[in-house]
Structure formats: C-alpha cells, structure tokens
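Heads up: the structure comes next, in structure tokens.
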Amino acid sequence: MNLLPGTGPAPIMDAQPAQESPPRILDAEPALEALPAPPLPTRAALEALPADRMGRDAPPAPKSGDAFLAFVLAVLGWSWRLAACTFLMMSYVGAVLVVGWMNRWLQGRILRSWWRQSKLRDTTSFEEFLAGLGPDAPVLRPRLFLRDRFDSTELRAEVERHTADGEPPGLVRVVFRAVFAPLRSLWLNLKLGGLAVLATFLLVGWGCALMTFSWEFGWNNSFQKGYEQYHVGPATGVTGLLLFIAATCYVPMAQAHLAVTGDFKAFFEFRFVWRLIRARLTAYVAFAGVFVNVAVFFEILKVAPAFFDGYGPYAPLSDGEFLWRMRLYYFVCSFFLLMALLLARFVMAHVYRSAVLKVLRRGRVTREELHPRLRDWFDRLGLVPAVQPVPAWAKRSARAFVRWGYRRALFVVLFLAWFGFIAKVYVGEFLHYHPYVAFLNHPLIQVPCVNYVPPELEQAPNK
C-alpha cells in the first residue's frame, strides 16, 4: 500500500464493470445549442485591442499637432511653388522648366490613382511603393530646384556611379556631380520640359510656321499691291490652319503620355495614343471645348494692353512707370495661366488613366504593347485587367451602328473646337499685333510664357 506524506492510507475504490460504456457526449449538444451566440466584436472594439492581440502592429494615432504642422508645411510649399512658377513663366527658359515640373506633378498623380485602384493599396503605402521603384520614381509634390529626396546612400551612388564605358569616375567628374547633385530637380524639370516642348513643336510647329508666313506675307503683299501673288498668302494660311488643327486633336493626350512615361519617343506612339483618344472620345471632346473657352479668355488678356497706353490712369505715366505696370499686368496673367494649366493637366490625368485601363480591358491594347514603364508599374500593382468577353453579334452590331454616327459627330465637334482656338488668334492679332510670336507659340499648348512687353518699351527707360 502506497502512503503519501501526511495522509492516511488510500481508500479502496470499488471495481467498475468492464462492460460499462463511457458517458455519451452527444447528450450535451442540446444544452450547447440552446446557449446564445456571443456578439461579434465591432470594428471600434478590434481597433481598441492591443497590437499583440490583433496579430499586427496597430497604427499609431495621428496627433492633431502633427497633422496641423503637415498642413501648414504643405500650404507653404505650394505657395512657394506657385509664386516661383509664376515668376519663371515671365521668360521662355523659365517657362520650359515649369512645363517639366507640371509633367512630373502629373506623373505622380496618375501613378497614385492607379495605386489606389490596385489591391496593393491594402498592404503597402504609396510611399513604400515609390521607394521600391528606385531613385527615378515619381513624386507627388516635385520640387523646382532641389532634389526631392536627400538620401545619403542615393547621393553616394549617384556621385560614384560608373561612366558609360564602365570605368569609375575621375576626380573632376566626382566633384562636378557632388556640386550639382542637390540640384537634381532642376535638371529633371529642364530635361522633361525641353523634351515636351520640342515634341509638341515638331507636330504643331509646321502649322504655326505656315500661318506665320501667311500672316506676314499677306500683309506685305497687300501693302505692296502684289495682286498677281494674292493666292500665296491664303493658300499657306489655310494649309497651316488645317495642319495645326490636325496636330492639336492629337497633342493633349500625347503630352499626357509623354509626361507619365518620361520618354520622348512615347509622344510619337501614334497608334497607342489614338486608341486612348477613341476610348475616351466624349471626355476628350468636352475637354477640348472647355480648353478653347479658357483660351478665349487669355486672348482677351493678351489684346487688352493695346488700349492701355494713353487711356485712363495710364495716360500720365512715364515710360518707366508704364513699363512696371505692364510687367505687373503680365505677372498676374502668368498666375492665371499657371492655374489654368494645372487644372487642364488635372483633368487630362483623369482622362488618360481611365483610357489606359479601358483599352486594356477591351483588349484593344495588350500588356506587351504598353510602354515599358507602364508595363512595369502595372505588373507591380497587379492592375492589368482581364479582357472582357466579346458581346453577342446582335449587341455588337447595334452598338457599332449607334457609334458610327455618334463618333463622327464628336470628331466634327472636335475639329470645330480647335478651329475656334486658332480663329480667336486671328481676331486677336487683327486687334493687337504681336510680331511672329503670336502664331509661333501658343502658351496653353507650347511654351507657357505670356510676357508681351514690347522691346521698344523695355529699352525706353535706358535711353
């Protein structure tokens, strides 16, 4: 008999019969089913749990002071950018820089919109996604001069990278890179802006040059009584006008494509860009209509100074005072032009990003036909949509019949809209002539510079 310390002998238990069956557990099921189910925890209760009980790291609650500071810094940053861009647009070189900055801003907004539509949004923040794209990744708020990210590892890699021949850089090259590395945004803005302006002029410039020649030759021919050559001016003018309209029907979507890809050759992907236009033709025509109305407003601002000199409060001003008044006037015009361009690019960003997804979804463009940069982004985001099945023959025929007339009517409206754009230039130049620059450069399409101070007025105070 085993004895435990401090106890008596163990009691003798009666032997259980071997044939007795174990207790039935199923008998307790009705009692369990009768119990009420516990209520599911709410979202607020789950978020209130500690991080270790939720199985993940709980996001820190944002502080009101930090949010207010971030808001103030964002307002100050945008105020500085808008003021600096307005000043830069008073010159053609500065306006090219502003074009590049706006294209980089457009690139960041379109990529963020695609990220929001992807499943990656639930697992990765947009900043983390951009960090995985490398040093040339887009940014939401690009800077004008200083580089967007001051990372020591990135700066060292940029300064010490090998040359095109695979050789390590020399001392002079390293010093040059180290001095200009903080100004990376300046270089990117000038580069992308210059490429955008050049690509636009290669299409629009032919019509602009012919219209300029027609205007200059037509006036000179009428004054010199060269009636035997009367047909040269109108013929070149009409040819230039048609070429200009054909180019402007294509250019806005191509400019958005160049801005997103950052590739000069992407501007001339005619087949892809044309399919984007057809995919969102209604929105594209509506954009052109609003765009032309905005252009009429700026044409009025361009013509208005013709009535300043010698009228009203401008009559008693000296040449120097009148010069400063004109500079201030065009500075205000530059600000309105900048806001109009930002709004136009914001709308075009919506049209472009939806058009790309639509042509992929309809099967009009395959993944392999995308630009390499777009293909890389879509693969990372997992955003390539499945091709929709082809509808039935009857439905497809009815849709094609309706679209046949609707699309041709839209193309007629698009042609008339851009015809109105160039027609207002002819009217404006008849009221207030700006030699050469009026037809060669359209600020809303090409270089956004509206400084039309006459050269003789610029030189008058120095005489």
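Not measured: the values here are computed from a predicted model. For the numbers below, each heavy atom of this structure counts, side chains included, while hydrogens, waters and symmetry mates do not.
- Counting heavy atoms of neighbouring residues, nucleotides and ligands inside a 6.0 Å radius, atom OH of Tyr436 does not exceed 12 of them.
- Shortest non-hydrogen contact noted between Leu357 and Phe378 is CD2-CE2, 3.6 Å.
- Cation-pi geometry between Arg104 and Trp101 is not met: the NZ or CZ atom fails to fall both under 6.0 Å from the ring centre and inside 45° of the normal.
- In this structure the side chain of Val96 never reaches within 4.5 angstrom of the side chain of Val93, judged on heavy atoms.
- Put simply, the residue from Ile445, Thr248, Val296 that forms a side chain to side chain contact (heavy atoms under 4.5 Å, CB included) with Phe421 is Ile445.
- Counting heavy atoms of neighbouring residues, nucleotides and ligands inside a 6.0 Å radius, atom CZ of Phe419 does not exceed 12 of them.
- Under a cut-off of 6.0 angstrom, the local environment of CZ in Phe297 is crowded, with over 12 non-hydrogen atoms contributed by other residues, nucleotides or ligands.
- Without hydrogens or angle criteria, Ser214 side chain to Leu210 main chain gives no donor-acceptor distance under 3.5 Å.
- Atom NZ of Lys191 is surrounded by 12 or fewer heavy atoms from other residues, nucleotides or ligands within 6.0 Å.
- Considering only heavy atoms from C-beta on, Leu111 comes within 4.5 Å of Leu133 through its side chain.
- Atom CZ of residue Phe411 and atom CG of residue Leu416 lie 13.5 Å apart, to the nearest 0.5 angstrom.
- Heavy atoms only, all atoms of each residue included: Leu140 and Gly108 are closest at CD2-O, 3.6 Å.
- Leu120 places none of its side-chain heavy atoms less than 4.5 Å from the side chain of Arg380.
- Checked against the 6.0 Å centroid criterion, the rings of Phe176 and Phe180 qualify as a close aromatic pair.
- Going from atom CG of Asn293 over to atom NZ of Lys424 covers 11.5 Å, rounded to the nearest 0.5 Å.
- Around CZ of Phe331, the count of heavy atoms belonging to other residues, nucleotides or ligands within 6.0 Å exceeds 12.
- In this structure, a donor-acceptor pair under 3.5 Å is absent between the side chains of Arg373 and Thr261.
- Atom CH2 of Trp324 is surrounded by 12 or fewer heavy atoms from other residues, nucleotides or ligands within 6.0 Å.
- Partner Glu158 forms a salt bridge (charged side-chain N to carboxylate O under 4.0 Å, His left out) with one of Arg149, Arg173, Arg147 and no other, that one being Arg147.
- Listed by first then second residue, pairs satisfying ring-ring contact (aromatic ring centres under 6.0 Å, His included) with a partner in residues 181-209 number zero, not counting sequence neighbours.
- Paired with Asn103 under the rule side chain to side chain contact (heavy atoms under 4.5 Å, CB included), one option of Leu192, Val98, Asn189 passes, and it is Leu192.
- Considering all non-hydrogen atoms of both residues, Arg271 and Glu369 come closest at NH1-OE2, 3.2 Å.
- Between Phe244 and His442, the two ring planes are tilted [angle within 30° to 60°].
- Looking only at distances, no side-chain donor or acceptor of Asn451 sits under 3.5 Å from a matching main-chain atom of Ser91.
- One finds the CG atom of Leu360 at 11.5 Å from the CD atom of Gln388 (value rounded to the nearest 0.5 Å).
- Heavy atoms from other residues, nucleotides or ligands lying under 6.0 Å from CZ of Phe336 number 12 at most.
- For the atom pair Met326 CE and Cys333 SG, the distance stands at 8.5 Å (nearest 0.5 Å).
- The closest donor-acceptor contact from the side chain of Arg280 to the backbone of Lys358 lies at 3.5 Å or more, if one exists at all.
- Annotation: cation-pi pair Lys302/Phe298 absent, no NZ/CZ under 6.0 Å from the ring centroid and within 45° of its normal.
- Side chains of Met211 and Tyr426 form a contact here, defined as non-hydrogen atoms less than 4.5 Å apart.
- Considering only heavy atoms from C-beta on, Pro305 comes within 4.5 Å of Tyr329 through its side chain.
- The side chain to side chain donor-acceptor pair (under 3.5 Å) contacts involving residues 400-422 comprise Thr282-Tyr406, where partners must be two or more places apart or lie in separate chains.
- Between Met89 and Leu338, the closest side-chain pair of non-hydrogen atoms falls below 4.5 Å.
- Outside the 6.0 Å centre-distance limit, the rings of Phe439 and Phe213 are not counted as a close aromatic pair.
- Here the CZ-CH2 distance, from Phe129 to Trp115, works out to 10.0 Å after rounding to the nearest 0.5 Å.
- Nearest heavy-atom pair across Val359 and Ala279 is CG1-CB, 3.7 Å.
- Ring pair Phe272/His257 is tilted by interplanar angle, where 30° to 60° counts as tilted.
- The distance from the CG atom of Leu190 to the CG atom of Leu144 is 10.5 Å, given to the nearest 0.5 Å.
- A pairwise comparison of heavy atoms in Trp377 and Gln107 identifies CH2-CG, 4.0 Å as the closest pair.
- The backbone N or O of Arg143 sits less than 3.5 Å from a side-chain atom of Asp148, completing a donor-acceptor pair.
- For the pair Met339/Leu82, a side-chain contact is recorded, criterion being any heavy-atom separation below 4.5 Å from C-beta on.
- Proximity of Arg81 to Arg141: side-chain heavy atoms (C-beta onward) are separated by under 4.5 Å at one or more points.
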